[in-house]
J.: 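Submitted below is the structure of interest, expressed as structure tokens.
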Amino acid sequence: MPKDNDFFSSVYQVVRKIPDSKVTSYGSIAKYLGMARSARMVGWAMNQAGSQIPPVPAHRVVNRNGLLTGKAHFSPPEKMERLLKEEGVLVKNDCIVNFKEHFWDVEQELSL
DNA sequence: AGCCTGACTTTGT
DNA sequence: GACAAAGCCAGGC
């Protein structure tokens with residue numbers, strides 16, 4: 001799957017560029033890649049993130065509401081918010097506190 | 001081929 | 001402000 005791998009690789013690269021204590025949304029990544037209407041594909045890509053080398057910090061990717069929608073897909077679901085807390089991101093009730101402050105806009109940070 | 005599901009987002013009621 | 005529906009692409013059955 002070389003062709004599709006390119007899209008996934010792009011997602012992984014962007015996610016890896018996310019600095020500590022920062023998070024982003026699937027939509028931002030998708031839009032940056034030109035698939036603004038396919039945020040789900042980003043999530044699907046994250047599904048393979050665990051199989052990628054090096055591993056992708058998928059815990060820094062959340063939905064538009066700052067909700068840890070993908071935490072259930074982690075090895076232990078608690079690992080996601082634990083990692084976020086370790087990086088300085090407060091998580092409460094599976095939601096990121098001060099999400100907009102921790103939000104890392106791909107298009108903005110990468111100077112699109 | 002057809003239908004259903006999914007780590008999303010936006011819009012309309 | 002909350003809930004429902006639609007749009008989107010890919011994969012599994």
Side-chain angles (χ1 to χ4, degrees):
Chain A
M1 58 306 248
K3 201 162 69 171
D4 295 311
N5 189 21
D6 186 74
F7 165 69
F8 291 114
S9 290
S10 300
V11 177
Y12 304 142
Q13 277 186 79
V14 174
V15 175
R16 286 203 219 93
K17 286 177 180 173
I18 301 174
D20 294 352
S21 61
K22 291 288 185 237
V23 291
T24 189
S25 61
Y26 304 91
S28 297
I29 298 172
K31 189 176 181 184
Y32 177 74
L33 297 176
M35 301 186 80
R37 286 151 188 173
S38 304
R40 294 183 171 185
M41 295 299 89
V42 178
W44 206 253
M46 294 289 98
N47 196 320
Q48 295 186 57
S51 303
Q52 293 308 309
I53 310 172
V56 179
H59 61 274
R60 293 183 186 154
V61 184
V62 295
N63 71 336
R64 207 41 178 148
N65 294 311
L67 182 66
L68 307 181
T69 52
K71 75 160 199 170
H73 285 251
F74 275 71
S75 351
E78 307 86 49
K79 188 173 187 181
M80 185 173 186
E81 71 177 79
R82 189 181 72 191
L83 288 170
L84 289 171
K85 287 180 179 177
E86 287 286 306
E87 295 181 357
V89 180
L90 296 179
V91 179
K92 181 155 195 161
N93 197 11
D94 301 341
C95 294
I96 296 177
V97 183
N98 300 328
F99 174 61
K100 64 178 184 180
E101 293 184 12
H102 291 293
F103 183 64
W104 188 76
D105 191 346
V106 181
E107 297 184 276
Q108 181 134 21
E109 297 301 324
L110 296 185
S111 262
L112 184 60

J.: Which nucleotide, dG11(C), dT9(B), dA7(B), lies nearest any side-chain atom of Ala39(A)?
T.: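 Per side-chain heavy atoms of Ala39(A), the pick is dT9(B).
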J.: Can you see whether Phe103(A) has Arg64(A) sitting over its ring - NZ or CZ less than 6.0 Å from the centre and within 45° of the normal?
T.: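 Satisfied, under 6.0 Å and within 45°.
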J.: Could you tell me the separation between the CG atom of Leu67(A) and the P atom of dA7(B), rounded to a whole number of Å?
T.: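 For the pair Leu67(A) CG and dA7(B) P, the rounded distance is 12 Å.
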J.: To the nearest Å, give me how far apart NZ (Lys31(A)) and P (dC8(C)) are.
T.: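 Rounded to the whole Å, the gap is 16 Å.
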J.: Tell me which nucleotide among dT10(B), dA10(C), dA7(B) gets nearest to the side chain of Thr69(A).
T.: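 Nearest to the side chain of Thr69(A) among the choices is dA7(B).
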J.: Side chains of Met46(A) and Tyr12(A): closer than 4.5 Å at any heavy-atom pair?
T.: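 SC-SC contact between Met46(A) and Tyr12(A) confirmed.
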J.: Identify the two heavy atoms, one from Glu87(A) and one from Asp20(A), that lie closest to each other, and give their separation to 0.1 Å.
T.: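 It is OE1-CA, 4.2 Å.
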J.: Please report the distance separating the P of dA5(C) from the corresponding atom of dC4(B), rounded so that it comes out in whole Å.
T.: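 Rounded to whole Å, the distance is 15 Å.
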J.: Could you give the CG-to-C1' distance, from Asn63(A) to dA7(B), as a whole number of Å?
T.: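 These atoms are roughly 9 Å apart.
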J.: Using a 4.0 Å heavy-atom cut-off, does Ala72(A) contact any base of the nucleic acid, only the sugar-phosphate backbone, or nothing at all?
T.: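 No contact.
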J.: Let's see if you can work this out: which of dT9(B), dA10(C), dA7(B) has an atom nearest to the side-chain heavy atoms of Ser25(A)?
T.: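 Selected nucleotide (nearest to the side chain): dT9(B).
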J.: Let's see if you can work this out: which of dA7(B), dC9(C), dG6(B) has an atom nearest to the side-chain heavy atoms of Trp44(A)?
T.: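 Minimum distance to the Trp44(A) side chain belongs to dG6(B).
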J.: I need the CE-C1' distance between Met46(A) and dG11(C), as an integer number of Å.
T.: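 In whole Å, dG11(C) C1' and Met46(A) CE are 17 Å from each other.
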J.: Would you mind reading off the distance between Asn65(A) atom CG and dA7(B) atom P, rounded to a whole angstrom?
T.: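 Rounded to the whole Å, the gap is 15 Å.
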J.: Which nucleotide sits closest to the side chain of Ser38(A): dG6(B), dT10(B), dC8(C)?
T.: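 Closest of the options to the side chain of Ser38(A): dC8(C).
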J.: Separation of Arg60(A) atom CZ from dA7(B) atom P, in whole Å?
T.: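 After rounding, the reported distance stands at 22 Å.
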J.: Choose from dG6(B), dA7(B), dT10(B) the nucleotide whose nearest atom is closest to any side-chain atom of Met41(A).
T.: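 My answer, after comparing the listed nucleotides, is dG6(B).
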J.: From CZ of Arg64(A) over to P of dG7(C), roughly how many Å is that when rounded to an integer?
T.: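 It works out to 22 Å between those atoms.
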J.: Just do the salt bridge (charged side-chain N to carboxylate O under 4.0 Å, His left out) check on Arg82(A) and Glu86(A) with the steps written out, would you?
T.: CA-CA 6 Å; Arg82(A) 189 181 72 191; Glu86(A) 287 286 306; over 6 Å; no
J.: Looking across every strand, which nucleic acid part, if any, lies under 4.0 Å from Asn47(A) by heavy atom: base, sugar-phosphate, or nothing?
T.: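 Since a base atom lies under 4.0 Å of Asn47(A), the category is base.
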J.: Starting the side chain at C-beta, find the nucleotide from dC8(C), dC9(C), dT9(B) nearest to Arg37(A).
T.: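 Selected nucleotide (nearest to the side chain): dC8(C).
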J.: Please state how far atom NE2 in His73(A) lies from atom C1' in dG11(C), giving the value in whole angstrom units.
T.: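 Spelled out: NE2 on His73(A) to C1' on dG11(C) is 14 Å.
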J.: List for me each residue that meets salt bridge (charged side-chain N to carboxylate O under 4.0 Å, His left out) alongside Lys17(A), sequence neighbours excluded, and say none if there are none.
T.: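 Lys17(A) satisfies salt bridge (charged side-chain N to carboxylate O under 4.0 Å, His left out) with no other residue.
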